[in-house]
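As the structure lists them, so they are numbered: ligands from 1, and atoms in each ligand from 1. Below, all heavy atoms of this structure are taken into account, side chains as well, without hydrogens, waters or symmetry copies.
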Amino acid sequence: MSLKEKIVFITGASSGIGAATALAFAAEGTRLLLAARRADKLAQVASLAAGCGAAAIHSIDLDVRDHRAVQSAIDTLPPEWAPIDVLVNNAGLSRGLDKLYAGKIEDWDEMIDTNIKGMLYVARAVVPGMVTRGRGHVVNMGSTAGEITYPNGAVYCATKAAERAINDGLRQDLLGTPVRVTSIDPGMVETDFSLVRFHGDAERAAKVYKGVTPLTPEDVAEAIVWAVSRPLHVNIARVVLTSVDQANSLLFNRKS
Ligand code: NDP
Ligand code: 8X3
């Protein structure tokens, strides 16, 4: 299916998987609606996307945890940007790697508010328009962490288990409409994810990727574009992808 001129809305487009997804969709000639909180980073991604062939770009400074801001951002889109064809519900983060009984409440709140509630707010604001227009595709960002919980990561893993339930529930609730719903579930991807998890501790973040070859953000972006470009009667429910050095969220082939 050609994606040319389709409107693709990507949350968390300022970095990592979201940024790579923006560039991959840009190469398909789509129109890109990019959202994140860091406007400077978003502007850099927008400029790269323009160079990759995006048909048009519109950026929104948005915190997905603020449900009024999310609804207002969608309600006040310029008319030419309103008919969103594809939503990549990607904004998310991990905070901390602690035993559950020693975890920081503010870390839990941030993960739950962003990964679960933020994802829901964006879907709630965007999906009704897709139903009314009789077309659309929602791509939610899951993780292997949502399938098997790993030690010290219970709350992050729980947010991705919730994503799994919400993704499946949304697909059931959209049965009878042409709107498609896909979860993309990567294992370890080298992005700013670990830097954010460890509150900016770059040395600790680098250790996460030591001795393994992780996925790249571009690997994940390619899977997203693939799922979205299937013929319109095909719904890819879930794509699970890891590097060959990872079997699941617990098992790695670490060389050092
Ligand atoms: P990055 O840290 O590189 O990117 C995270 C993105 O989310 C940034 O663009 C950030 O933008 C945005 N974001 C975070 N909080 C908010 C918020 N409150 N409102 C709006 N945007 C927000 O990490 P990744 O690219 O790795 O993460 C993207 C998604 O992929 C997440 O959902 C993550 O859970 C998931 N994932 C990551 C894996 C990995 O190993 N890296 C594996 C599996 C899934 P800004 O700060 O500018 O707002
Ligand atoms: C990110 C992958 O295993 O680092 O969802 O939690 S993991």
Side-chain angles (χ1 to χ4, degrees), residues 9-23 34-46 59-67 69-70 73 88-97 107 109-122 139-164 166-167 183-200 205 207-209 212 214-221 223-224 238-243 245-252:
F9 176 29
I10 305 171
T11 67
S14 61
S15 168
I17 295 168
T21 302
L23 302 192
L34 305 178
R37 295 165 301 178
R38 290 170 296 173
D40 54 334
K41 294 246 177 209
L42 212 48
Q44 287 169 18
V45 175
S59 298
I60 312 172
D61 183 351
L62 183 66
D63 186 333
V64 297
R65 294 172 298 178
D66 181 342
H67 74 89
V70 169
V88 183
N89 219 344
N90 161 75
L93 79 182
S94 64
R95 286 293 198 194
L97 193 64
D107 285 347
D109 285 343
E110 197 174 356
M111 289 187 279
I112 291 166
D113 288 350
T114 311
N115 302 1
I116 305 178
K117 292 167 74 178
M119 186 185 68
L120 284 168
Y121 297 157
V122 175
V139 178
N140 293 309
M141 189 51 58
S143 169
T144 51
E147 295 179 347
I148 303 179
T149 302
Y150 53 79
N152 304 317
V155 177
Y156 175 73
C157 294
T159 67
K160 292 301 178 180
E163 179 278 340
R164 189 186 175 113
I166 292 163
N167 184 75
S183 182
I184 300 288
D185 298 2
M188 182 191 283
V189 188
E190 189 161 9
T191 63
D192 285 348
F193 179 85
S194 296
L195 193 64
V196 171
R197 165 168 261 172
F198 299 129
H199 296 276
K207 282 190 188 139
V208 172
Y209 309 107
V212 290
L215 292 174
T216 66
E218 290 74 22
D219 295 327
V220 183
I224 294 172
R238 182 171 301 280
V239 178
V240 181
L241 65 158
T242 64
S243 90
D245 280 343
Q246 181 174 10
N248 57 40
S249 65
L250 290 171
L251 264 180
F252 291 87

Side chain proximity check, Val70 to Leu62, heavy atoms < 4.5 angstrom: yes

Under 4.0 Å to a heavy atom of Tyr156 - the qualifying atoms of ligand 1, by number: 33 (C), 34 (O), 36 (N), 44 (C)

Atoms of ligand 2 close to Ala145 [distance to a heavy atom under 4.0 angstrom, numbered from 1]: 6 (O)

Pair Phe193 + Phe198: ring centers closer than 6.0 Å: no

Shortest protein heavy-atom distance from atom 7 (S) of ligand 2, along with the residue and atom involved: Tyr150 OH, 3.7 Å

Nearest neighbour in protein (non-hydrogen) for atom 41 (N) of ligand 1: Val189 O, 3.0 Å

Atom 18 (N) of ligand 1 [closest protein heavy-atom partner, distance rounded to 0.1 Å]: Asp63 OD1, 2.9 Å

Closest approach of any protein heavy atom to atom 19 (N) of ligand 1, naming residue and atom: Val64 N, 3.0 Å

Min heavy-atom dist Pro214 to ligand 1 below 4.0 Å: no

Within-cut-off N or O pair, Ser143 and ligand 1, under 3.5 Å: no

Flag side-chain contact, heavy atom, 4.5 Å: Glu190 against Thr216: no

Residue part near ligand 1, for Glu190, under 4.0 Å between non-hydrogen atoms: neither

Nearest atoms (heavy-atom pairs only) where Ala36 meets Leu42: N-CD2, 3.6 Å

Backbone or side-chain N or O of Ile17 under 3.5 Å from ligand 1 N or O: yes

Atoms in ligand 1 flagged as close to Met188, the criterion being non-hydrogen separation under 4.0 Å: 40 (O)

Heavy-atom nearest neighbour in the protein, as seen from atom 28 (C) of ligand 1, with distance rounded to 0.1 Å: Asn90 OD1, 3.2 Å

Check: Pro214 main-chain N/O paired with Gln246 side-chain donor or acceptor under 3.5 Å: no

Within reach of ligand 1, part of Leu62 (heavy-atom separation under 4.0 Å): backbone

Arg38/Asp40 salt bridge by N-O under 4.0 Å criterion: no

Heavy atom of Lys41, distance to ligand 1 below 4.0 Å: no

Test item, Pro186 contacting ligand 1 (heavy atom, 4.0 angstrom): yes

Test of proximity, Gly18 against ligand 1: N or O pairs below 3.5 Å: no

Lys160 to ligand 1, any heavy atom closer than 4.0 Å: yes

Nearest-contact summary for atom 15 (N) of ligand 1 - protein heavy atom, Å: Arg37 NH2, 3.2 Å

Val155 side chain near Asp107 side chain, heavy-atom distance below 4.5 Å: no

Protein heavy atom at shortest distance from atom 4 (O) of ligand 2: Phe193 CE2, 3.7 Å

Minimum heavy-atom distance between Ala145 and Cys157, given as atom pair plus value: O-CB, 3.2 Å

Shortest non-hydrogen contact from Thr144 toward Asp185: CG2-O, 4.1 Å

Heavy-atom nearest option to atom 7 (O) of ligand 1, drawn from Gly92, Gly146, Ala39, Ala36: Gly92

Top protein contact for atom 22 (C) of ligand 1, by heavy-atom distance: Ala91 CB, 3.7 Å

Distance from atom 1 (P) of ligand 1 to nearest protein heavy atom, with residue and atom: Ser15 OG, 3.5 Å

From OH (Tyr121) to CG (Asp66), nearest 0.5 Å: 8.5 Å

Donor-acceptor contact present, side-chain Arg95 to main-chain Val196, <3.5 Å: yes

Backbone of Leu93 reached by a side-chain donor or acceptor of Asn115 within 3.5 Å: yes

For Ser143, atoms of ligand 2 separated by under 4.0 Å from a heavy atom: 1 (C), 2 (C), 5 (O)

N or O pair under 3.5 Å between Gly12 and ligand 1: yes

Flag, side chain of Asp192 to backbone of Leu195, donor-acceptor distance under 3.5 Å: no

Contact (N/O only, under 3.5 Å) between Arg197 and ligand 2: no

Interfacing atoms of ligand 1 (cut-off 4.0 Å, heavy-atom, Ser14): 8 (C), 9 (O), 10 (C), 11 (O), 45 (P), 47 (O)

Nearest atoms (heavy-atom pairs only) where His199 meets Gly96: NE2-N, 4.4 Å

Flag for Glu147-Ser249: side-chain donor and acceptor within less than 3.5 Å: no

Atoms of ligand 1 close to Gly187 [distance to a heavy atom under 4.0 angstrom, numbered from 1]: 40 (O), 42 (C), 43 (C)

Carboxylate-amine/guanidinium proximity below 4.0 Å for Arg37 and Asp61: no

Subset of ligand 1 atoms that lie under 4.0 Å from at least one heavy atom of Thr114: 15 (N), 16 (C), 18 (N)

Residue Gly142 vicinity, atoms of ligand 1 by number, heavy atom under 4.0 Å: 43 (C), 44 (C)

Side chains of Arg65 and Lys117 in contact at under 4.5 Å (non-hydrogen atoms): no

Contact check: Thr191 vs ligand 1, nitrogen or oxygen atoms, below 3.5 angstrom: yes

Atom of Val189, atom of Val220 and distance for their closest heavy-atom approach: CG2-CG2, 3.9 Å

Nitrogen or oxygen atoms of Gln246 and ligand 2 under 3.5 Å apart: no

Numbering as shown, the atoms of ligand 1 that approach Gly16 to under 4.0 Å (heavy-atom distance): 3 (O), 25 (O)

Nearest non-hydrogen protein atom, atom 30 (O) of ligand 1: Met141 CG, 3.3 Å

Shortest non-hydrogen separation from Ser143 to Lys160 and the atoms involved: CB-CG, 3.7 Å

